[in-house]
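To start, the structure under review is shown below, and the notes come after it.
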Amino acid sequence: MASSTSGKSKSSRHEAAKHAERMKGFDFATWRSGSDDPVLRSAIIGLLITESTPDWEKLLDRFDRASRINTVLRQKVIDQGGLTTPRLMFDSNFDLTFHMRRFKMPAGSTWRDVLDDARRQSMTDFDRDRPLWRLTLLEGLPGGKAAVILKLHHAIADGQGAMMIAANVFDFSEQGEDLGPKPDAPEGEDLDRAGFAEAIVRDKFGWIARSANDFIQGVGPTSLVALKHPADTASRIAKTVGSVARFSKIPMGPMSPIMTERSINYHFGTFDVPFDQMRATGKDAGHTVNDVFLAAVGDGLGVYHKKMGHPVTKLRINMPVSTRTADSGTGNAVNIARFEMPISIMDTRALMDQVSETVTKLREEPALAFANQLGELSRFIPSDILSAAAQASDVTASNVPGVPFPVWIGGARIERMYPLVATIGAAVNVTMLTYNGVASVGVSTDDAAVEDPDVLLEALRRGFADTIGEHVPASTPISGELHEPSGKIRESESGSASGKVQKPTAAAKPAASRKRVPVATKAAKKAPAKKAPAKKVVAKKAPVKKAPAKKVVAKKAPAKAAPAKKVVAKKTPAKKAAVKKAPAKKVVAKKAPVTKAPAKKVVAKKAPAKKVAAKK
């Protein structure tokens with residue numbers, strides 16, 4: 001009996017080792033960095049607002065089906081530490097009701113209450129003995145609405161992967177569709193240390209076999225190309241090595257003079273932007289929606305730093321670049337591009353031009369194809385260095401395409417979808433998700449880096465308003481009311497150079513062709529039209545500050561010396577007679593209003609004595 005039991009155990013271990021799925025390099029780096037430093041924990045939250053409360057039983061049924069299709073929802077991570085790569089195994093103790101829960105919110109709950117609940121869930125680590133996801137339904141919101149909080153670990157999905165998982169629980173109508181019988185549920189298995197070691201050996205032999213096969217298949221054509229075009233081959237190798245070096249370069253610290261500290265605490269904020277307007281802005285300027293998005297983020301961060309009294313010219317930004325193909329599945333298919341983004345460019349079109357040029361060059365970098373390989377190398381880098389490199393970024397900005405039409409979940413229509421992503425070392429994370437004609441923006445701000453999250457959120461809204469040429473309000477999705485902050489960044493017509501919010505006007509022009517001008521410049525241009533009627537000018541002795549004639553008079557004869565009596569006293573008595581017969585003040589007041597006959601011309605025609613004085 002003992003030998004029979006031992007044989008079954010050994011056979012079970014062999015099967016478990018065979019089914020153990022090795023984590024990819026990028027997933028491994030995400031998992032390990034978050035395990036070593038809580039500042040780098042990488043939770044992704046999709047916050048859905050529904051117009052009514054979803055049916056709980058329907059939700060359970062759809063997620064049960066989804067877990068049989070997207071099997072990562074049933075897999076847990078087996079990690080033995082050290083330099084070994086974790087494995088994914090089907091959880092033998094999988095319990096759907098552990099991962100799904102529902103609560104009723106207190107009467108009078110607000111949008112801030114919903115965001116605070118999402119925040120607490122995001123900052124709470126996963127149970128690492130179970131699959132890395134959780135769903136929470138919040139019922140009883142104002143107007144009969146509800147919120148669905150879907151939390152995933154970044155090690156099992158990126159933004160697009162999360163949308164692919166969510167697509168399996170969405171319906172295209174309130175009634176839903178008949179999806180037929182459910183697929184069979186995968187059978188759970190346990191992997192002990194011996195099985196884990198066997199899985200490692202199996203993976204190593206498989207890697208050697210694949211590498212040898214790739215070498216045999218590739219060495220012939222590659223060698224032939226190298227012999228025919230040695231210079232081109234050497235250039236490609238050098239280009240790839242240089243690209244990898246740039247991507248793996250570790251910066252020394254953040255570029256922001258104020259967003260320098262980091263912590264494990266952060267807050268969430270949201271706002272909505274009309275997607276059609278963003279798309280039209282990009283089209284008019286010859287750019288993509290992503291260019292518009294990045295320009296708006298840069299503009300908003302510039303407004304924030306000006307408001308805080310520390311204007312900047314550049315900030316370091318992280319931007320996920322998708323490498324997804326048809327075979328990528330729902331896992332991470334992305335690499336992180338890090339670059340310095342200009343902040344101080346005043347012209348919106350010029351800012352988009354600069355952003356587009358930078359992003360285009362990044363997408364052509366050969367290193368993008370080596371995301372998993374670079375992730376594998378991270379095991380040899382001390383976690384402190386990896387953490388310092390992550391915290392050297394000022395902001396992470398990500399644009400995730402969503403569903404362009406309305407969908408339902410559990411029989412309830414989804415009104416909004418907000419992406420809320422942990423800061424993961426950066427001071428700020430700004431992620432945009434489009435859904436049914438609305439671009440919903442989720443903002444995460446590190447409590448130690450951002451003194452007042454409301455000021456930053458308002459500045460970002462201002463940045464988007466500057467870019468698309470349309471006011472972006474602080475809407476509250478569960479009540480439909482506007483919730484404008486009071487006096488964080490005061491509204492004016494000054495433009496973003498002053499760090500103040502601009503009031504929307506009916507004659508607002510598209511941002512792509514609108515240049516943002518400093519306050520002083522605008523005031524100088526508008527002064528003649530608003531002021532300087534003839535009588536007031538005369539009464540104030542030809543205002544030196546506002547009338548254009550100031551500069552002409554100053555060069556030839558000081559404005560203060562213009563009165564006839566003073567000039568006569570210093571130069572010649574002949575001037576007194578000229579002044580008595582035709583006083584300059586009377587001519588200007590009666591016959592030459594400033595708007596029709598500028599002071600410059602009146603002086604030239606009526607008082608030639610000034611020219612004589614200039615010659616002498």
Item checked: Asp37 side chain near Ser33 side chain, heavy-atom distance below 4.5 Å -> no
Check: Tell me, do Thr270 and Arg416 make a side-chain contact under 4.5 Å, heavy atoms counted?
Finding: no
Note to self: Any side-chain to backbone donor/acceptor pair from Ser256 onto Ile258? Under 3.5 Å, distance only.
What the structure shows: yes
Note to self: Are the side chains of Ile336 and Phe26 in contact, using a 4.5 Å heavy-atom criterion?
What the structure shows: yes
Next item on the list: State, with a plain yes or no, whether a side-chain heavy atom of Gln121 is found less than 4.5 Å away from one of Thr136.
Entry: yes
Margin query: For residues 416-439, which residue pairs pass the ring-ring contact (aromatic ring centres under 6.0 Å, His included) check, not counting sequence neighbours?
Written below: Trp111-Tyr418
Next item on the list: Would you please test Lys307 and Glu458 for side-chain contact (heavy atoms from CB on, under 4.5 Å) and show each step?
Entry: CA-CA 11 Å; Lys307 171 64 180 178; Glu458 191 175 352; over 6 Å; no
Margin query: Are the side chains of Tyr304 and Val450 in contact, using a 4.5 Å heavy-atom criterion?
Written below: yes
Next item on the list: Would you check if the distance from the ring center of Phe170 to the ring center of Phe172 is below 6.0 Å?
Entry: no
Margin query: Please check this pair: side chain of Ser122 against backbone of Ala118, looking for a donor-acceptor N/O pair closer than 3.5 Å.
Written below: no
Notebook entry, point to check: Does any non-hydrogen side-chain atom of Met163 lie less than 4.5 Å from one of Pro401?
Noted result: no
Next item on the list: May I ask you to say whether Asp116 pairs ionically with Arg120, meaning some side-chain N is under 4.0 Å from a carboxylate O?
Entry: no
Margin query: What I'd like to find out is whether the side chain of Thr358 reaches to under 4.5 Å of the side chain of Met319, using heavy atoms alone.
Written below: no
Check: By side chain to side chain donor-acceptor pair (under 3.5 Å), which residues pair with Ser440, not counting sequence neighbours?
Finding: Asp272
Next item on the list: Please tell me if the side chains of Val77 and Leu88 come closer than 4.5 Å, counting only heavy atoms from C-beta onward.
Entry: yes
Notebook entry, point to check: Just one of Asp446, Asp447, Thr423 clears the side-chain hydrogen bond (donor to acceptor under 3.5 Å, both in side chains) bar with His267, so which one?
Noted result: Asp447
Checklist line | Closest non-hydrogen atom pair, Phe271 against Pro473 | finding: CB-O, 4.2 Å
Notebook entry, point to check: Looking at residues at least two apart in the chain, or sitting in another chain, which of them share a side chain to side chain contact (heavy atoms under 4.5 Å, CB included) with Arg41?
Noted result: Pro38, Asp125
Margin query: Looking only at the side chains, is there a donor atom on one of Thr288 and Asp291 sitting less than 3.5 Å from an acceptor on the other?
Written below: yes
Notebook entry, point to check: Would you say the side-chain atoms of Asp113 and Thr110 include a donor-acceptor pair closer than 3.5 Å?
Noted result: yes
Notebook entry, point to check: Given Met278 and Thr281, is the side-chain contact (heavy atoms from CB on, under 4.5 Å) satisfied, shown in steps?
Noted result: CA-CA 5 Å; Met278 290 191 67; Thr281 299; 5.7 Å; no
